[in-house]
Amino acid sequence: MKKLLLLFMACATVYSVNAQVTTPQPSPASKLEQKVGLTDVTIEYSRPAVREREIFGNLVPFDKLWRTGANKNTVITFSTDATVFGSKLKAGSYAIFTKPGKSNWEVYFYADTENWGTPKEWDDSKVMAMGEVPVHPVPFSIENFTLDINSIKNGSAIIDVIWEKTYVGIPFTVPTDDAVLASINDVLGGTPTENDYFSSAVYYLQEGKDIKQAQEWIDKAVDMTKDKPRFWFLRQQSLIHAKAGDTAGAIAAAKASLAGAEEAGNADYVKMNTDSLKEWEGQ
């Protein structure tokens, strides 16, 4: 028993020596993941707080290089190539540095991502893209430094930078269209399914491409599923026919979609079709 007690005391002493106090970080780490088209975009950064301080022009000086956050520099990763400020970035990771100004910010996408703060020695050869973006005032204060990705389209989006009462947006594009068109040509040249025709037609509608081609594909998809009509196929068929100037065809497809949506109890599609029929039948 005495030996067990001594062993317990020895272990407790080691634990007390090695134990460390754990407290929250003042600028907690954050990781943002967003799909843009076919590209996975990830941003890793730290989020300092205002804490009743004056931020831009004081804590973060104007016209001086900033890590765009706290702790380690902010890092963005693209799973495919991307284009920023007209410069093509290869798939991979880049640090985002900025020079905040009163009216505009300079933004740099930097090849070296392993910096705690800003680089000790700035290397212009590592600047892969750079440009200026305008400052927009915010009518209320944002306590924690925030990065987000919004205005998402199939081939583009905007990185939102917002803190205190300041907002800037950094636009970028990704090569979604090239990848999708290659996929369409490959799959439709083989043995496409009804879903392949449907997806191709909807993409052409969304991107403002050849609407007659979209019409041909959506009609094929609907015909392949006529034994078990899909109200969501018929909904897109109505929109494509309307875009192509075939109002009668659009109305017929919308009525069929409405009937299927009512049977399925899908209130969203019931409303969308009802609204469209009011518009088209009133023309």
First locate atom CZ of Arg235, then atom CD1 of Ile240, and finally report the distance between them rounded to the nearest 0.5 Å.
-> 11.0 Å

Straight-line distance of Ser93 OG to Asp112 CG, nearest 0.5 Å | 11.5 Å

Does NZ in Lys220 sit with more than 12 non-hydrogen atoms of other residues, nucleotides or ligands closer than 6.0 Å?
-> no

For residues 154-163, dump all side-chain donor-acceptor pairs below 3.5 Å to protein atoms at least two apart in sequence or in another chain.
| unit_1 | atom_1 | unit_2 | atom_2 | d |
| --- | --- | --- | --- | --- |
| Asn154 | ND2 | Gln206 | OE1 | 3.4 |
| Asn154 | ND2 | Glu207 | OE2 | 2.6 |
| Asp160 | OD1 | Tyr167 | OH | 2.6 |
| Asp160 | OD2 | Asn150 | ND2 | 2.6 |
| Trp163 | NE1 | Glu143 | O | 3.0 |

Of all pairs that satisfy ring-ring contact (aromatic ring centres under 6.0 Å, His included), the ones with a partner from residues 238-283, not counting sequence neighbours = Phe231-Tyr269

Evaluate the criterion side chain to side chain donor-acceptor pair (under 3.5 Å) for residue pair Ser183 and Asp186; output intermediate values, then yes/no.
-> CA-CA 5 Å; Ser183 175; Asp186 182 49; over 6 Å; no

How about Lys243 and Gln215: do any of their side-chain heavy atoms sit closer than 4.5 Å?
-> no

Under 3.5 Å, side chain of Asp81 to main-chain N/O of Ala91, donor-acceptor pair present?
-> yes

Given the rule in the side-chain contact (heavy atoms from CB on, under 4.5 Å) test, do Thr83 and Leu89 qualify, once you have shown the distances and angles that lead to the verdict?
-> CA-CA 6 Å; Thr83 300; Leu89 303 179; over 6 Å; no

Please check if the distance between the ring centroids of Phe198 and Trp217 is under 6.0 Å.
-> no

Answer yes or no: is there a donor N or O on one side and an acceptor on the other, between the side chain of Asp246 and the main chain of Ala242, under 3.5 Å?
-> no

How many angstroms lie between atom NZ of Lys90 and atom CE of Met128, to the nearest 0.5 angstrom?
-> 12.0 Å

Would the Phe85 and Phe172 ring centres measure less than 6.0 Å apart?
-> no

Classify the side-chain pair Asp223/Tyr197 by whether it contains a donor and acceptor separated by less than 3.5 Å.
-> no

Side-chain contact test, heavy atoms from C-beta onward, threshold under 4.5 Å: evaluate it for Thr23 versus Val21 and give yes or no.
-> yes

Test Glu132 against Val107 for side-chain contact (heavy atoms from CB on, under 4.5 Å), laying out the working first.
-> CA-CA 6 Å; Glu132 287 193 3; Val107 181; over 6 Å; no

Determine whether Ile218 and Leu181 fall in the same hydrophobic cluster, where Ile, Leu, Val, Met, Phe, Trp and Tyr are linked whenever their side-chain heavy atoms lie under 4.5 Å apart.
-> no

So, the side chain of Asp219 versus the backbone of Glu216: is there a donor-acceptor pair under 3.5 Å, distance only?
-> no

Evaluation steps, side-chain contact (heavy atoms from CB on, under 4.5 Å), between Val270 and Thr274 = CA-CA 6 Å; Val270 168; Thr274 301; 4.1 Å; yes

Verify the ring-centre separation between Trp105 and Phe62: is it less than 6.0 angstrom?
-> no

For this output row, return yes or no: ring centroids of Phe145 and Tyr45 closer than 6.0 angstrom.
-> yes

Begin with the C-alpha distance, continue with both residues' side-chain angles, and end with the deciding distance and a verdict on side chain to side chain donor-acceptor pair (under 3.5 Å) for Arg67 and Thr74.
-> CA-CA 6 Å; Arg67 73 187 80 183; Thr74 291; over 6 Å; no

Enter the distance from His136:NE2 to Ser103:OG here, rounded to the nearest 0.5 Å.
-> 11.0 Å

Is any side-chain heavy atom of Leu234 closer than 4.5 Å to a side-chain heavy atom of Gln237?
-> yes

Are any of the side-chain nitrogens in Glu281 or Lys255 under 4.0 Å away from the carboxylate oxygens of its partner?
-> yes

Verdict with reasoning, Asn71 to Arg47, per side chain to side chain donor-acceptor pair (under 3.5 Å) | CA-CA 9 Å; Asn71 302 325; Arg47 304 186 64 189; over 6 Å; no

Main-chain N/O of Lys212 paired to Asp210 side chain as donor or acceptor, under 3.5 Å = yes

Is it the case that one hydrophobic cluster holds both Ile170 and Phe78, taking links as side-chain heavy atoms less than 4.5 Å apart, direct or via other members?
-> yes

Of all heavy-atom pairs linking Pro192 and Asp196, the shortest is CA-OD2, 3.5 Å

Lys228 backbone acceptor or donor facing Thr225 side chain under 3.5 Å = no

Distance (rounded to the nearest 0.5 Å) between Thr113 OG1 and Asn115 CG = 8.0 Å

With side chains defined as the heavy atoms from C-beta onward, is the minimum distance between Ser200 and Leu188 less than 4.5 Å?
-> yes

Does a side-chain heavy-atom distance below 4.5 Å link Trp66 with Thr118?
-> no

Do you know which two heavy atoms are closest between Pro48 and Ala70, and how far apart they sit?
-> CD-CB, 3.9 Å

Do the non-hydrogen side-chain atoms of Ile55 and Val50 ever get within less than 4.5 Å of each other?
-> yes

Crowding at NZ, Lys209 (>12 non-hydrogen neighbours, <6.0 Å) = yes

For the pair Trp122 and Tyr108, evaluate ring-ring contact (aromatic ring centres under 6.0 Å, His included) and give the outcome as yes or no after the intermediate values.
-> CA-CA 11 Å; Trp122 185 259; Tyr108 303 85; 5.4 Å; yes

Could you go step by step and tell me if Val202 and Tyr204 meet the side-chain contact (heavy atoms from CB on, under 4.5 Å) rule?
-> CA-CA 5 Å; Val202 171; Tyr204 264 45; over 6 Å; no

Would you indicate whether the side-chain heavy atoms of Tyr94 and Val75 approach each other to under 4.5 Å?
-> no

Following the transitive rule for hydrophobic clusters with a side-chain heavy-atom cut-off under 4.5 Å over Ile, Leu, Val, Met, Phe, Trp and Tyr, establish whether Phe97 and Leu59 coincide in one cluster.
-> no

Give the C-alpha distance, both sets of side-chain angles, the deciding distance and a yes or no for side chain to side chain donor-acceptor pair (under 3.5 Å) between Thr68 and Thr98.
-> CA-CA 6 Å; Thr68 320; Thr98 51; 3.0 Å; yes

Linking I/L/V/M/F/W/Y whenever their side-chain heavy atoms sit closer than 4.5 Å, directly or via other members, would Val187 and Tyr203 fall into one cluster?
-> no

Give the table of side-chain donor-acceptor pairs shorter than 3.5 Å for residues 27-43, with sequence neighbours excluded, one pair per line with atom names and distance.
| unit_1 | atom_1 | unit_2 | atom_2 | d |
| --- | --- | --- | --- | --- |
| Lys35 | NZ | Asp40 | OD1 | 2.8 |
| Thr39 | OG1 | Thr80 | OG1 | 2.7 |

Check the pair Glu164 / Arg53 against salt bridge (charged side-chain N to carboxylate O under 4.0 Å, His left out), numbers first and verdict last.
-> CA-CA 9 Å; Glu164 196 184 25; Arg53 299 173 294 183; over 6 Å; no

CD-CD1 distance between Gln213 and Ile184, expressed to the nearest 0.5 angstrom = 9.0 Å

Without hydrogens or angle criteria, can the side chains of Ser276 and Asn273 be said to hold a donor-acceptor pair below 3.5 Å?
-> no

Is it the case that one hydrophobic cluster holds both Ile142 and Leu147, taking links as side-chain heavy atoms less than 4.5 Å apart, direct or via other members?
-> no

Could you check if a side-chain atom of Arg230 sits within less than 4.5 angstrom of a side-chain atom of Asn195, using non-hydrogen atoms only?
-> yes

Identify the two heavy atoms, one from Gly169 and one from Val133, that lie closest to each other, and give their separation to 0.1 Å.
-> O-CG1, 3.2 Å

